[in-house]
Amino acid sequence: SATFISNGSLQRCEVVVTGRYKRDGLFLVELEQTTALQKVQRREFFRLEKRTPIKYRIVDGEELEMIQKGNAYFPDETSLVWKEAIMIDLSGGGIRFVSAHKEETGSFVEVQFDVQKEDEVEIVYSYADLLRSERNANNNAIYDHRIMFWKMDNGMREKIIHYIFSEQRKRRSQQLGLE
């Protein structure tokens with residue numbers, strides 16, 4: 001098999017060598033593609049399908065400047081406008097969610113969601129980069145959003161990863177009839 005970089009993504013296909021030769025001191029190989037190119041998914045973190053309510057808000061202006069400079073910023077909580085959304089999946093790197101709002105790709109957001117650990121529920125607040133916001137292919141009334149956590153500390157990321165694996169174990173137990 002051979003792997004190629006094309007327009008910033010990895011593509012893979014099966015090939016056979018059809019010729020070998022040397023030109024200007026370089027050894028070259030001629031290849032023939034035998035299968036269709038397939039995009040290679042490069043995931044740093046496992047993704048858990050999880051449909052649950054979340055909240056998010058767009059961070060901009062003075063608050064955005066302060067946060068990106070690494071300074072503490074304490075906004076007036078009563079003036080914050082949180083939007084309702086539904087998480088579709090969660091990973092240690094980010095979230096995919098849907099909402100009724102179209103957002104500008106490249107926006108900076110704060111997201112709020114729950115992570116359950118045994119009998120405790122922890123509310124997670126995290127900043128994130130909005131990588132994509134596009135109309136849902138199956139429902140014109142909602143938009144799909146993908147966010148990548150921004151400078152999340154390792155302790156919080158570990159809690160999320162632990163939660164994901166805990167949820168996976170529960171699902172496997174249920175599938176096997178053990179719960």
Side-chain angles (χ1 to χ4, degrees), residues 1-14 35-59 67-68 80 82-179:
S1 92
T3 304
F4 307 93
I5 296 177
S6 172
N7 297 329
S9 70
L10 286 179
Q11 304 281 327
R12 180 175 292 145
C13 68
E14 296 298 316
T35 62
L37 284 174
Q38 291 184 326
K39 186 174 182 180
V40 177
Q41 190 65 36
R42 296 181 291 175
R43 288 224 184 277
E44 188 177 348
F45 300 102
F46 177 80
R47 219 170 252 295
L48 172 73
E49 269 193 36
K50 182 71 177 175
R51 283 165 174 66
T52 187
I54 65 169
K55 293 180 181 179
Y56 75 99
R57 68 184 185 90
I58 303 298
V59 178
I67 291 166
Q68 289 184 331
L80 298 181
W82 291 93
K83 298 176 184 178
E84 304 288 328
I86 301 292
M87 178 190 302
I88 301 299
D89 61 45
L90 170 68
S91 78
I95 297 174
R96 182 168 61 108
F97 66 93
V98 295
S99 79
H101 307 281
K102 169 77 172 136
E103 305 297 352
E104 190 171 326
T105 297
S107 296
F108 194 69
V109 300
E110 183 176 23
V111 65
Q112 172 191 339
F113 60 98
D114 296 345
V115 171
Q116 187 159 353
K117 185 178 178 185
E118 285 126 39
D119 294 334
E120 296 177 14
V121 174
E122 181 169 355
I123 300 173
V124 175
Y125 289 88
S126 179
Y127 293 113
D129 291 310
L130 182 66
L131 303 177
R132 194 177 312 155
S133 178
E134 54 196 24
R135 192 174 295 279
N136 183 282
N138 299 319
N139 182 343
N140 282 339
I142 60 175
Y143 293 87
D144 292 318
H145 308 286
R146 294 176 189 275
I147 60 171
M148 182 172 68
F149 297 133
W150 182 81
K151 292 189 177 181
M152 178 177 277
D153 75 45
N154 285 335
M156 183 54 69
R157 193 178 310 275
E158 287 300 318
K159 284 181 184 177
I160 291 171
I161 292 169
H162 181 269
Y163 168 72
I164 290 169
F165 285 120
S166 172
E167 285 291 306
Q168 277 298 104
R169 280 193 300 276
K170 281 185 206 170
R171 289 179 185 184
R172 282 206 184 101
S173 292
Q174 288 171 345
Q175 288 171 348
L176 296 172
L178 302 174
E179 275 189 22

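Side-chain atoms are counted along with the backbone in the values below, which use heavy atoms only and exclude waters and symmetry mates.
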*How many angstroms lie between atom CG of Asp153 and atom CD of Glu158, to the nearest 0.5 angstrom?*
10.0 Å
*Specify the closest pair of heavy atoms between Glu14 and Thr35, including all atoms of both residues, with the distance to one decimal.*
N-OG1, 2.8 Å
*Would you give the length of the straight line joining atom OG of Ser99 to atom CD1 of Ile142, rounded to the nearest 0.5 angstrom?*
8.5 Å
*Side chains of Ile54 and Gln112: closer than 4.5 Å at any heavy-atom pair?*
no
*Please report the closest heavy-atom contact between Ser133 and Thr105, naming both atoms and the distance.*
N-OG1, 3.5 Å
*Interatomic spacing from CG in Asp129 to NZ in Lys151 - rounded to 0.5 Å*: 10.5 Å
_Minimum-distance pair of heavy atoms, taken over all atoms of Leu90 and Ile95_ = CD1-CG1, 3.7 Å
*asked:* I'd like to know whether CG of Asn139 has more than 12 heavy-atom contacts from other residues, nucleotides or ligands below 6.0 angstrom.
replied: yes
*Would you check if the distance from the ring center of Tyr56 to the ring center of Trp82 is below 6.0 Å?*
no
*Determine the minimum heavy-atom distance between Leu130 and Glu104, stating which atoms define it.*
CD2-O, 3.3 Å
*Could you check if a side-chain atom of Tyr143 sits within less than 4.5 angstrom of a side-chain atom of His145, using non-hydrogen atoms only?*
yes
*asked:* The test is side chain to side chain contact (heavy atoms under 4.5 Å, CB included); show your working for Asp114 and Val124 and say whether it passes.
replied: CA-CA 6 Å; Asp114 296 345; Val124 175; over 6 Å; no
_Does Ile147 form a side chain to side chain contact (heavy atoms under 4.5 Å, CB included) with Leu131? I'd like the steps, not just the answer._
CA-CA 5 Å; Ile147 60 171; Leu131 303 177; over 6 Å; no
*Answer whether the closest heavy-atom distance between the side chains of Arg135 and Asn140 falls below 4.5 Å.*
yes
_Heavy-atom closest contact (Ser126 atom, Met152 atom, distance)_ = OG-CE, 3.3 Å
_Proximity of Phe149 and Tyr127 rings by center, below 6.0 Å_ = no
*Say you draw a straight line from CD of Glu122 to OH of Tyr163; how long is it, rounded to the nearest 0.5 Å?*
12.0 Å
*Compare all side-chain heavy atoms of Asp89 with those of Phe97 and state whether any distance is below 4.5 angstrom.*
no
*Min side-chain heavy-atom separation Phe165-Ile160 under 4.5 Å*: no
*Apply salt bridge (charged side-chain N to carboxylate O under 4.0 Å, His left out) to the pair Glu103 and Lys83, showing each step before the final yes or no.*
CA-CA 11 Å; Glu103 305 297 352; Lys83 298 176 184 178; 2.8 Å; yes
*Output yes when a side-chain donor or acceptor of Arg157 lies under 3.5 Å from a complementary backbone atom of Gly92, and no otherwise.*
yes
*When rounded to the nearest 0.5 angstrom, what distance separates CD in Glu49 from CD1 in Ile88?*
8.5 Å
*Start with the C-alpha gap between Phe113 and Lys55, add the side-chain angles, then the distance that decides, and say whether side chain to side chain contact (heavy atoms under 4.5 Å, CB included) holds.*
CA-CA 7 Å; Phe113 60 98; Lys55 293 180 181 179; over 6 Å; no
*asked:* Measuring from atom CG of Asp144 to atom NZ of Lys102, what distance do you get when rounded to the nearest 0.5 angstrom?
replied: 10.0 Å
*Working for side chain to side chain contact (heavy atoms under 4.5 Å, CB included), residues Cys13 and Gln38*: CA-CA 6 Å; Cys13 68; Gln38 291 184 326; over 6 Å; no
